[in-house]
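Notes to accompany the following structure.
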Amino acid sequence: MDAPTQPPKAATGSPKTLAFVASEDAVFAAHGLPMARSAVAVGLAVVVITRIGTHREAIEATGARLIALEGGQSGINPMTAGYAAGQVSAMLKALRADIVHCVGLRGILVGGTAAAMAGIANRVFAPGEFSGKGGRLSRLAVKGLLRGPLASRNTRYLFENADDARALGLDPADTAVTILDRRGSDAGAAIGHAVAGIYAELLSA
């Protein structure tokens with residue numbers, strides 16, 4: 001496996017900043033650890049913005065810095081999500097984040113809105129398993145958000161299978177879509193490698 005491309009540094013020589021947004025640290029621990037580990041390995045300054053529960057040590061062991069997201073509920077509620085997006089937007093501006101990587105549907109709702117508010121175009125959306133969840137109206141609503149007001153021309157989408165991409169109206173073969181295979185003993189390393197390449201591509205554009 002080739003080493004992932006090293007991302008460019010900021011004009012000041014300091015590393016570029018990648019901010020993950022997840023609703024709960026358990027969500028990030030389940031899906032984001034290989035990505036954070038790989039991003040740190042290629043020289044990015046990595047921050048995870050989430051509600052902190054029992055997974056602090058696992059996340060910090062990747063080399064990422066944790067920032068607590070206060071209050072709110074784990075469900076998709078427009079009122080609480082709007083309040084959280086305002087918090088996260090202020091954090092992203094203070095961090096001068098270069099990429100916002102949103103994990104889970106609520107992470108995308110909050111983080112995608114916050115990225116738009118902060119003027120950060122480089123966005124990665126990883127909604128998780130979706131093809132078997134919700135009714136038609138739910139899928140249409142999520143599809144409209146992910147491909148509409150929350151997306152930018154620099155948005156990339158990560159899925160664990162092609163059916164999830166299709167459920168949200170995305171072509172699995174599209175260059176903006178990456179299918180991550182979590183099967184096998186070296187799946188974490190392969191996922192980290194693939195995502196590090198996406199970060200490098202966005203930062204070099």
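Bear in mind the structure is a predicted one, so any value in this text is a computation, not a measurement. Quick note: numbers below take in every heavy atom, side chains included, and nothing from hydrogens, waters or symmetry partners.
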| task | Taking all non-hydrogen atoms of both residues into account, name the closest pair between Pro149 and Arg123 and its distance. | result | O-NH1, 4.5 Å

| query | Taking all non-hydrogen atoms of both residues, which atom of Gly53 and which atom of Asp25 are closest, and how far apart? | reply | N-OD2, 2.6 Å

| query | Less than 4.5 Å apart, any side-chain heavy atom of Pro127 and any of Leu105? | reply | yes

| field | Any side-chain heavy-atom pair of Arg65 and Leu95 under 4.5 Å | value | yes

| query | Got a donor-acceptor contact below 3.5 angstrom from the Gln87 side chain to the Leu69 backbone? | reply | no

| task | Answer yes or no: is there a side-chain heavy-atom contact under 4.5 Å between Met35 and Leu158? | result | yes

| task | Check Asp163 against Asn161 and note the closest heavy-atom contact, atom names and distance. | result | N-OD1, 3.1 Å

| Minimal non-hydrogen separation, Arg96 against Thr17, with atom names | O-CB, 4.2 Å

| Any link between Ile67 and Val110 through a network of hydrophobic side chains (Ile, Leu, Val, Met, Phe, Trp, Tyr) touching at under 4.5 Å? | yes

| Is Ile99 reachable from Leu66 through a run of hydrophobic residues whose side-chain heavy atoms are each under 4.5 Å from the next? | yes

| Do His55 and Glu24 meet the criterion of a side-chain donor-acceptor pair at a distance under 3.5 Å? | no

| Which atom names give the shortest non-hydrogen contact between Leu92 and Ala19, and what distance separates them? | CD2-CB, 3.6 Å

| said: Hydrophobic clusters here meaning ILVMFWY residues chained together by side-chain heavy-atom distances under 4.5 Å, can you tell me if Ile120 and Met117 are in one? | reply: no

| query | At their closest point, which heavy atom of Ala22 faces which heavy atom of Thr50, and how far apart are they? | reply | O-OG1, 3.0 Å

| Should Ser38 and His193 count as side-chain neighbours, where that means a heavy-atom distance under 4.5 Å? | no

| request: With sequence neighbours left out, write down each residue that passes salt bridge (Lys or Arg N to Asp or Glu O under 4.0 Å) with Arg37, or none if nothing qualifies. | output: none

| request: Hey, can you tell me if Tyr157 and Phe125 have their rings parallel, tilted or perpendicular (30° and 60° cut-offs)? | output: perpendicular

| task | Could you grab the distance from atom NE2 of His101 to atom OH of Tyr199, nearest 0.5 Å is fine? | result | 4.5 Å

| query | Are Leu180 and Phe28 connected in a single hydrophobic cluster, I mean Ile/Leu/Val/Met/Phe/Trp/Tyr linked by side-chain heavy atoms less than 4.5 Å apart? | reply | yes

| remark: One should read off an interatomic distance between Ile198 CD1 and Asn122 CG, to the nearest 0.5 angstrom, of 12.0 Å

| Do Val100 and Val88 come within less than 4.5 Å of each other through their side chains, counting heavy atoms only? | no

| task | For residues Thr113 and Leu150, determine if any side-chain heavy atom of one lies less than 4.5 Å from a side-chain heavy atom of the other. | result | yes

| Polar side-chain atom of Ser204 near backbone of Ala200 as donor-acceptor pair, under 3.5 Å | yes

